[in-house]
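Before we start, here is the structure in question, set down as structure tokens.
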Amino acid sequence: MKRKLFNIPVLAIAIALTTGSCVKDYVDPGRATEDQLIADVKGLTGAAAGLQRSYSVDRTNLYNRVTASGFLTGELFLLNQGNTAEYQLSVGGDELDGRNTLLAGLWSRSNKIIRDADLIITNANNLSDQSVARAIVAYTTIFKALAIGDLAMFWEQIPNGTGENVTFIPRKDGYVRAIAAIDEALAGIDANPISSAFLNTIPAGIDIPNTLRALKARYALFAEDYDLALAAAESVDLTKPSTFNYDALAQNPIFSQVTSTNNIWQPIDDSLGLPEGLQPDADDQRIPFYLDINEEISPRFRVGGFGDALDRAWPVYLPGEVTLIKAEAYARKASPDYVNALLELNKVVTKTPAEDAFGVGAGLSPLESLSPEGLLAAIYKHKSIELFMSGLRLEDSRRMERPQEERKRNFVNYPFAERDQNPNTPADPAF
């Protein structure tokens with residue numbers, strides 16, 4: 001049976017697609033309560049699938065994360081200054097304040113996804129069929145964790161929950177919170193394996209257990225818990241892809257917003273925005289994968305890779321990311337293991353496109369012995385290339401203490417909509 005992307009109840013979609021800041025009351029008293037709409041398996045499953053659409057289709061989290069990180073780290077260049085939000089990101093510095101609509105959208109939608117995910121999880125826990133309940137919780141937790149992670153990658157502090165006048169917690173505590181939710185979800189499906197019948201009720205593409213494990217590894221690394229990051233990365237099956245799938249009705253957002261219009265942004269060039277000394281080697285096979293290069297058109301460098309078609313699947317994580325998490329964790333843990341760090345790094349450096357589940361491969365000769373500093377720089381270089389336009393470079397650049405001139409901002413300001421409504425909103429960061 002072929003699974004459609006979003007064949008789910010309209011009311012459930014409406015719940016998942018509502019937007020707002022984290023301080024608002026989302027319940028419309030003139031309609032049936034959300035608890036009533038998602039009190040059964042069909043409603044809960046539909047609402048969970050709605051979270052996937054709310055995260056990954058149109059100008060939502062996926063587009064906003066890729067665009068914001070891409071401009072702030074030099075991966076992208078602007079084509080049209082009339083795109084005000086993208087223009088502000090391309091300039092950065094003081095030009096980027098709480099007025100930015102793209103960042104405001106990332107903020108409000110992330111908080112809404114977290115809020116809806118909590119509601120779905122609470123109601124799923126009341127189901128009598130624990131196998132279905134644990135599957136719904138696990139699938140929902142993917143989007144809750146992604147939304148928490150998106151907030152923590154761009155803001156110094158994030159909301160400590162949802163509701164009016166919510167307080168804030170340090171961003172690293174957000175990663176810890178996402179990991180805790182993932183652990184609970186994994187424990188549930190370890191005890192109650194996900195059935196194929198359930199998988200046929202949600203959009204195809206996502207491998208739930210491996211996605212949870214990969215996100216745990218990602219956020220443990222970002223929280224600087226290197227032993228946990230290493231253990232989580234080791235548990236991911238790199239042969240099993242996990243993707244957001246698209247079709248003519250639910251189109252790939254980078255294609256629909258960027259590639260097909262050629263009116264917002266494009267990749268900077270074949271340096272991928274990296275400084276001298278870290279730029280890709282001339283024969284790195286990831287360059288023709290990620291870039292559509294044509295000498296006869298302008299701009300010469302255009303989006304390739306995972307944004308080259310309206311139905312191109314977008315990876316939730318890449319196998320190379322998991323391998324590079326292991327490389328960095330080995331190099332940065334309390335008792336560094338530089339031998340294994342280089343071994344893991346070289347798995348990415350030498351991997352050919354044919355050896356990767358997504359066709360992402362450098363196909364280069366292995367690196368020789370490196371100093372600790374040189375090893376970390378090489379890990380950053382190859383992660384920046386391997387995960388080009390993933391929306392993760394800002395976090396990596398800042399965490400690995402790359403020079404300030406490689407970033408147009410370290411953290412972004414809190415949206416005015418949040419500050420105007422919530423007296424607990426922290427002070428904006430100094431640039």
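Any value given below was found using the heavy atoms of this structure, including those in side chains, with hydrogens, waters and symmetry copies removed. For this chain, numbers begin at 1 and follow the sequence in order.
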Subject >> Side chain proximity check, N252 to L310, heavy atoms < 4.5 angstrom >> reply: no
**OP:** Please step through side chain to side chain donor-acceptor pair (under 3.5 Å) for the pair R213 and Y317, ending with a clear verdict.
**Re:** CA-CA 10 Å; R213 296 180 189 120; Y317 64 91; over 6 Å; no
Original post:
Going by atom types alone, do T73 and S397 pair a side-chain donor with an acceptor below 3.5 Å?
Top reply: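 Short answer, no.
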Subject >> Pairwise side-chain contact, Y226 with L230, heavy-atom cut-off 4.5 Å (strictly under) >> reply: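 Result no, sub-4.5 Å side-chain heavy-atom pair not found.
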Original post:
Nearest heavy-atom pair of G361 and Q285: which atoms, and what distance?
Top reply: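 That closest heavy-atom pairing would be O-CB, 3.2 Å.
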Original post:
Hey, are the side chains of V66 and W265 touching, using non-hydrogen atoms and a 4.5 Å cut-off?
Top reply: yes
Subject >> No-hydrogen, no-angle side-chain donor-acceptor test under 3.5 Å, N410 and E156 >> reply: no
Original post:
Looking only at side chains, do N210 and D237 share a donor and an acceptor under 3.5 Å apart?
Top reply: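 N210 vs D237: no donor-acceptor pair found between side chains.
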Original post:
Is the F388 ring parallel, tilted or perpendicular to the Y290 ring (thresholds 30°, 60°)?
Top reply: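 Perpendicular, since the angle between the ring planes exceeds 60°.
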Subject >> Centroid-centroid under 6.0 Å between F306 and F358 rings >> reply: yes
Original post:
Would you say the side chain of L151 lies within less than 4.5 Å of the side chain of N111, judging by non-hydrogen atoms?
Top reply: yes
**OP:** Give the C-alpha distance, both sets of side-chain angles, the deciding distance and a yes or no for salt bridge (charged side-chain N to carboxylate O under 4.0 Å, His left out) between E355 and K351.
**Re:** CA-CA 6 Å; E355 294 171 321; K351 175 173 52 111; over 6 Å; no
**OP:** Tell me yes or no: between the side chains of R419 and N413, is some donor less than 3.5 Å from an acceptor?
**Re:** no
Original post:
Any side-chain heavy-atom pair from I287 and I293 closer than 4.5 angstrom?
Top reply: yes
**OP:** Among L103, T101, L96, find the residue that satisfies the side chain to side chain contact (heavy atoms under 4.5 Å, CB included) test when tested with Q88.
**Re:**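 Going through L103, T101, L96 one by one, the side chain to side chain contact (heavy atoms under 4.5 Å, CB included) with Q88 is satisfied by L96 alone.
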Subject >> Electrostatic pair D281:K381 at N-O distance under 4.0 angstrom >> reply: yes
Original post:
Side chains of I385 and L274: does their closest heavy-atom pair fall under 4.5 Å?
Top reply: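 Heavy-atom side-chain distance check passes, below 4.5 Å.
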Subject >> Distance-minimising heavy-atom pair for L186 and P209 >> reply: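 Residues L186 and P209, closest heavy atoms: CD2-O, 4.0 Å.
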Original post:
What's the verdict on salt bridge (charged side-chain N to carboxylate O under 4.0 Å, His left out) for E386 and K383, showing C-alpha distance, side-chain angles and the deciding distance?
Top reply: CA-CA 5 Å; E386 187 86 0; K383 192 172 185 185; over 6 Å; no
Original post:
Any salt bridge between E86 and R59, counting N to O under 4.0 Å?
Top reply: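 Salt bridge flag = yes for R59 with E86.
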**OP:** Test salt bridge (charged side-chain N to carboxylate O under 4.0 Å, His left out) on E328 and R399 and set out the steps.
**Re:** CA-CA 11 Å; E328 185 179 343; R399 190 187 70 259; 2.7 Å; yes
Subject >> Short side-chain donor-acceptor distance under 3.5 Å, D58 and S256 >> reply: no
Subject >> Geometric cation-pi criterion, R398 with F411: 6.0 Å, 45° >> reply: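 So R398 does make the cation-pi contact.
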Original post:
Could you walk me through whether Q157 and Y414 pass the side chain to side chain donor-acceptor pair (under 3.5 Å) check?
Top reply: CA-CA 9 Å; Q157 297 187 55; Y414 299 93; 4.9 Å; no
Original post:
Does the pair K112 and D116 meet the rule for a salt bridge (charged side-chain N to carboxylate O under 4.0 Å, His left out), with working shown?
Top reply: CA-CA 6 Å; K112 185 63 171 67; D116 283 351; 2.5 Å; yes
Original post:
Under 6.0 Å from the CD atom of E95, do we count more than 12 heavy atoms belonging to anything else shown?
Top reply: yes
Original post:
Taking side chain as C-beta onward, heavy atoms only, is N424 less than 4.5 Å from N160?
Top reply: no
Subject >> Pair Y175-E395, side-chain donor/acceptor within less than 3.5 Å >> reply: yes
Original post:
Between N245 and R312, does any side-chain donor sit less than 3.5 Å from a side-chain acceptor?
Top reply: no
Original post:
Under 4.5 Å between any side-chain heavy atoms of R393 and L272, yes or no?
Top reply: yes
Subject >> Nearest non-hydrogen partners of M389 and W314, listed with the distance >> reply: O-CZ2, 3.3 Å
